[in-house]
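Report on the structure given below.
Quantities reported herein were computed from a predicted structural model and do not represent experimental measurements. Note: hydrogens, waters and symmetry copies are ignored here, and every other heavy atom, side chains too, is used.
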Amino acid sequence: MSIYDTLNPEQKKAVLHDKGPLLILAGAGSGKTRVLTYRIAYLIEHRNVNPWNILAITFTNKAANEMRERVDKIVGAGAENIWVSTFHSTCVRILRRFIDRLGYDRNFTIYDTDDQKTLMRDVCKYLDIDTKRIPEKSILNAISKAKDELISPEEFEKRAGHDYTQRKYAAAYMEYQRRLKASNALDFDDLIFKTVELFMNDKEALTYYQNRFRYIMVDEYQDTNTAQFKLIHLLASGINEYGEREYNICVVGDDDQSIYKFRGANIYNILNFEQAFPNAKVIKLEQNYRSTKNILNAANEVIANNKGRKQKTLWTDNEEGEPVSFTLFESDFEEADRITSEIKRVVESKQASYNDFAILYRTNAQSRIFEEKLVLKNIPYKIIGALNFYARKEIKDILAYLKTIVNGKDDISVKRIINVPRRGIGLATIDKVNDYAVLNDISFYEALVRARQIPGLERTASKIEPFVSLIEGLRSSINSDSYDLTGIIDDILNATGYLKELEEEGTQEAEERIDNIYELKNKLVSYVETAEIPTLNGFLEEVSLVSDIDSMDESKDNIVLMTLHSAKGLEFPYVYICGMEEGTFPGYMAINAENPEEEIEEERRLCYVGITRAQKRLSLSAAKFRMFRGEMHYNKPSRFIHEIPRHLLKITSPDKKTVYKFADDDFSKESGQTSAYHLSQTHYKPFVTPEPKNFGGSNLGTIDYGIGDTVKHVKFGTGIVTNIVAGGKDYEVTVDFPRFGVKKLMASFANLTKVD
DNA sequence: GTGTTAAAGGTTTTT
DNA sequence: CCTTTAACAC
């Protein structure tokens, strides 16, 4: 018996697929990573594929590391030659080798969102763009979108036509790009864009990688954007030794889990895969191995409300499990308090450990209140993505020094540190240097080197010179062979007096900053230890491309808190999804969008992702009111709650003492505008044992269901009885069907059957 | 050139 | 609510 016999028939088909394009539509929890790793092993073992010729692309480093680990385990020797990495890392690696062909230096810097903003501010100032009318952020957004769609500045300008705003965007894009190049820097989107550009313009580079990557696997394919699609399409279009194109590309995705449209993900990449790659084989993985029947059914019911999906129905052999629970709390405060207490209770009763729990929410801001409660109750926790370690001021300062050392053309970094710590170099001086640099077409740093020649800087030049020699000194030390790279941060701290300044401050905040800097040093040390050829640039690259989720450590016993987005690809025995209110989730941005239907569908997919993270128990909750931007907001429970059939839900009071069988009205589905005047009217009636429903009239027949019961209708499916009125010869039964809304039916015609 | 304070403004989600 | 920017005193 081989390892492949442990797969189900569909999984096996996917693993044993030979050549040509393959689309695996893998539902949540259907074992897609397993299929991918087994497929890699199969190719190597049984198809004589050289590990060297395999490329596996994921979206996060965490996913890449996991795949690497699993592949290592089943492939064994040779596995290290498989290229497993994220889109962005893959592109950096390619560009470090070939970007000189596009006129950049190979030691280019990667700009993060902060750097982008700073650069764009300069651009707007230079172009006289009124940022009150056109904010930098919206320009950057437009540029990012353009890059995702492979639209160059020139093309953008063409398309702008005579539209005023569009022309401004175009001009900003042009100048922004010019400055990036002058700074020898690339932003995140450029990493993909420039790699595609390289491949389009340089046949040699393209052929090199086409020959190298004969087999390509892409995970989370539904989240690829147009540029990423183009990239893998180019790579997969190589010609084999018989002069044929094989398109050995295997993508794994789930259109129902596409949640990154805002980041440019193009859903048509997956929906039209078969058109883009003729003769593509499609395999659906529909068996879920993760969740209980109740959880999976809830997920299926919710996602069924979306249109335009690839048809598939997830099923499971797992046990029924508990019903999904829903609790409506009074406030966000109570929500956080009760949930954290409940988790603590479960853990203390030894039924589970903290790392079995995840608390998921729509926005990062929601983590705050949980954090307060967790600290108060001494519960170990880890918040993912709240504030990025690398976005902290002190870290960015040190990194700016490092970037300056590596790439002197990086004006943004040089300007950041020119007066940090204070050297008495102010705005006036910086402006003069800047003007001189622009005039002479040199970088800001080069202008600093020539400070003495800059008119009007006779006095401040003496303040600039020590800075220049400081950088020069550091630069020459890292270039000496005997230099220990791990000492660079200490050298910076000592030479600049950065550390001393913090120490003298003596505040708690300063202490934390110092700790953070040492933390950064730790990361540098472990980088130097693990990297094959450690370089400063390599370290900076690693630092730029990490996401917070990469730092998640499953072996640590703490509750994890994160956004629903971050939770994709993960699973937990116990999952709490909180803030399930109209306006929070789905968010008000989606509700008030110009195309709400589309946006709500994306939110619904997000909800689907959230629900399907849970293995054993899923707890949903909402709060009647919640603090948002310092104000109280009263919101109705989310429409997504309504979309879960009542027979799958157990609705409990905040103290869990009362289990409601039936939720009264006002779970209405009209758009939940966030309004202080719109008090939540939701009340619950405690469940009363259904009395035999004999409503007096003896000529009436009897029915075996009552208010609060779940009943089944041939056409409308299951619903909950909200009212029964005896009228004449028949009962008028009001039923709330999650999918069809509230219907009034005559009992004798409707033929309703009770479900329990 | 630096430091402090008041007012304004703004938020999904992230590699 | 918290962060960022503007204004003003030193």
Using a 4.0 Å heavy-atom cut-off, write out nucleotides 6-15 of chain B from 5' to 3' as B (base contacted by protein), S (sugar-phosphate only) or - (no contact).
-> ----BBBBBB
Pairs meeting criterion side chain to side chain donor-acceptor pair (under 3.5 Å) with involvement of residues 189-198 of chain A, two or more places apart | S144(A)-D189(A), K147(A)-D190(A), Q177(A)-D190(A), K194(A)-E197(A)
Measure the distance from CZ on R626(A) to P on dC1(C) and round it to the nearest whole Å.
-> 15 Å
Whole angstrom is fine here: how far is it from CD in Q366(A) over to P in dC2(C)?
-> 15 Å
Have a look at G630(A) and say if it touches a base, only the backbone sugar-phosphate, or nothing, with a 4.0 Å heavy-atom cut-off.
-> base
NA contact type, R121(A), heavy-atom cut-off 4.0 Å: base, sugar-phosphate, or nothing?
-> sugar-phosphate
Test of ring centre spacing under 6.0 Å for F262(A) and H565(A) = yes
Any residue meeting ring pair (Phe, Tyr, Trp, His ring centres under 6.0 Å) with [X], in chain and number order, not counting sequence neighbours:
{"X": "F213(A)", "answer": "W83(A), Y209(A)"}
{"X": "F444(A)", "answer": "none"}
{"X": "Y361(A)", "answer": "none"}

Kindly say if R423(A) contacts the phosphate of dG1(B), meaning a side-chain N or O under 4.0 Å from OP1 or OP2.
-> no
Sequence neighbours left out, cut at 3.5 Å: what donor-acceptor pairs do the side chains of residues 119-131 of chain A make with other protein atoms?
{"from": "D130(A)", "atom 1": "OD1", "to": "K132(A)", "atom 2": "N", "distance (Å)": "3.0"}

Got a list of protein N/O to nucleotides 7-10 of chain C N/O distances below 3.5 Å?
none

Report the residues that fulfil side chain to side chain contact (heavy atoms under 4.5 Å, CB included) with E512(A), sequence neighbours left out, ordered by chain and then residue number.
-> Q508(A)
What pairs with E372(A) under side chain to side chain contact (heavy atoms under 4.5 Å, CB included), at least two apart in sequence or on another chain?
-> R368(A)
Between dT12(B) and dT5(C), how far is it from one C1' atom to the other, in whole Å?
-> 24 Å
Tell me which nucleotide among dC1(C), dG1(B), dT2(B) gets nearest to the side chain of A428(A).
-> dG1(B)
